[in-house]
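Below: one structure, written as C-alpha cells.
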Amino acid sequence: SENGNLYFNSEEIGANPDDELSIYYAIKREGQYTDFKKMAKEINSGTMIGHPFIAPDESYMIFDGKRSSGYGDCDLYISFNKSGIWTEAYNLGPEINTEMCEMTASVSPDGKYLFFHRGREDNGDIYWIDFRPIKENMVKNINNN
C-alpha cells in the first residue's frame with residue numbers, strides 16, 4: 001500500500017493441500033514491519049486464497065480463491081476496509097467470473113481498469129474491463145445492507 005503495509009499470500013506449514021494458500025499482512029511502523037498476521041475469515045474463507053491486490057489507500061482488496069459461491073474453478077472477490085475492519089468478501093460477479101479460473105487481479109493506478117488472468121495457470125489470457133461501475137455497484141450494495 002502507499003503507506004508501506006504489506007499484503008501477500010503464503011503457504012501455511014502443515015496445511016491441507018486443498019487449503020494451502022492464505023493472505024497475510026504486516027504493518028509498517030517507524031520504518032519496521034510488525035510480525036505478519038493471517039487475515040480474518042472475511043478474506044481467508046474457501047480454498048486457494050491468494051494473489052491479493054490492495055488499493056494504494058487500503059480501501060479495498062481484490063483476491064482470488066475457490067468458494068462455494070463461485071462461478072467456476074476460481075473467482076475474483078473484493079473486500080472493503082471500513083475503518084480498519086474488512087467486510088465480507090463479495091464475488092465480483094458474472095461480468096468478470098466464468099466457469100474458468102479468474103485470478104491475479106490488479107487495478108490501473110487511476111482506478112479505472114481491472115486487469116486479470118482467465119484460464120488455467122499455465123495457459124490463459126489477460127483481460128481488462130472498466131472497473132469503476134463494478135466497484136460503484138459493490139459499494140452501493142454494501143451500503144444498502
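Values reported hereafter were calculated over all heavy atoms of this structure, with side chains retained and with hydrogens, waters and symmetry mates removed.
For the atom pair OG (S10) and CG (L21), the distance works out to 8.0 Å, reported to the nearest 0.5 Å. In this structure, NE2 on H51 lies 13.5 Å from CD on E102, to the nearest 0.5 angstrom. Interatomic distance, R120 CZ to C101 SG, rounded to the nearest 0.5 Å: 11.5 Å. To the nearest 0.5 Å, atom OH of residue Y113 and atom OG of residue S106 are 14.0 Å apart. In this structure, the separation between NZ on K41 and OG on S22 is 14.5 Å, given to the nearest 0.5 Å.
Contact annotation: the side chain of N97 approaches that of L76 to within less than 4.5 Å [non-hydrogen atoms, C-beta and beyond]. Contact check for F63 versus I43: side-chain heavy atoms found under the 4.5 Å cut-off. Looking at heavy atoms from C-beta onward, S59 lies out of side-chain contact with F80 at the 4.5 angstrom threshold. By the 4.5 Å heavy-atom criterion applied to side chains, I49 and M39 are not counted as neighbours. At least one side-chain heavy atom of K28 sits less than 4.5 Å from a side-chain heavy atom of Y33. At least one side-chain heavy atom of N91 sits less than 4.5 Å from a side-chain heavy atom of Y71. A 4.5 Å side-chain heavy-atom check between F116 and I96 finds at least one atom pair inside the cut-off. Taking the side chain as every heavy atom from C-beta outward, P52 and N9 approach each other to under 4.5 Å.
With salt bridges taken as basic N to acidic carboxylate O contacts below 4.0 Å, one links D73 and K66.
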**Request:** Could you please spell out the steps behind the side-chain contact (heavy atoms from CB on, under 4.5 Å) verdict for Y90 and S69?
**Result:** CA-CA 9 Å; Y90 297 91; S69 63; over 6 Å; no

**Request:** For D125 and H117, run side-chain contact (heavy atoms from CB on, under 4.5 Å): C-alpha distance rounded to whole Å, both residues' side-chain angles, the deciding distance at 0.1 Å, then the answer.
**Result:** CA-CA 6 Å; D125 290 309; H117 174 274; over 6 Å; no

**Request:** Before giving the answer on side-chain contact (heavy atoms from CB on, under 4.5 Å), spell out for N3 and E58 the whole-Å C-alpha distance, their side-chain angles and the decisive distance to 0.1 Å.
**Result:** CA-CA 9 Å; N3 63 10; E58 296 181 82; 2.8 Å; yes

**Message:** Could you go through N81 and M61, starting from their C-alpha distance and side-chain angles, then the distance that decides it, and tell me whether this counts as side-chain contact (heavy atoms from CB on, under 4.5 Å)?
**Reply:** CA-CA 8 Å; N81 186 338; M61 175 190 299; over 6 Å; no

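In the hydrophobic clustering of this structure, I27 groups with I54; members are Ile, Leu, Val, Met, Phe, Trp, Tyr whose side-chain heavy atoms approach within less than 4.5 Å, directly or through other members. Hydrophobic clustering (ILVMFWY, side-chain heavy atoms < 4.5 Å, transitive): V139 and I129 are in one cluster. Transitive grouping of hydrophobic side chains (ILVMFWY, heavy atoms separated by less than 4.5 Å) keeps F115 and M103 in distinct clusters.
Summarising the geometry of G119 relative to M100, their closest heavy-atom pair is CA-CE, 3.6 Å, with the distance given to 0.1 Å. Nearest heavy-atom pair across E42 and T87 is CB-O, 3.4 Å. Minimum heavy-atom separation, V107 to L114: CG2-CD1, 3.9 Å. Scanning all heavy atoms of the two residues, the minimum distance from I62 to A105 falls at CG2-CB, 3.6 Å. Among all heavy-atom pairs drawn from N44 and R67, the shortest one is N-NH2, 4.5 Å. Closest of all the heavy-atom pairs between R132 and G111 is CG-O, 3.8 Å.
Taking the six-membered ring for Trp and thresholds of 30 and 60 degrees, Y60 and F131 have ring planes inclined between 30 and 60 degrees apart.
A centroid separation of less than 6.0 Å is found between the aromatic rings of Y24 and F36.
Around CG of D35, the count of heavy atoms belonging to other residues, nucleotides or ligands within 6.0 Å does not exceed 12.
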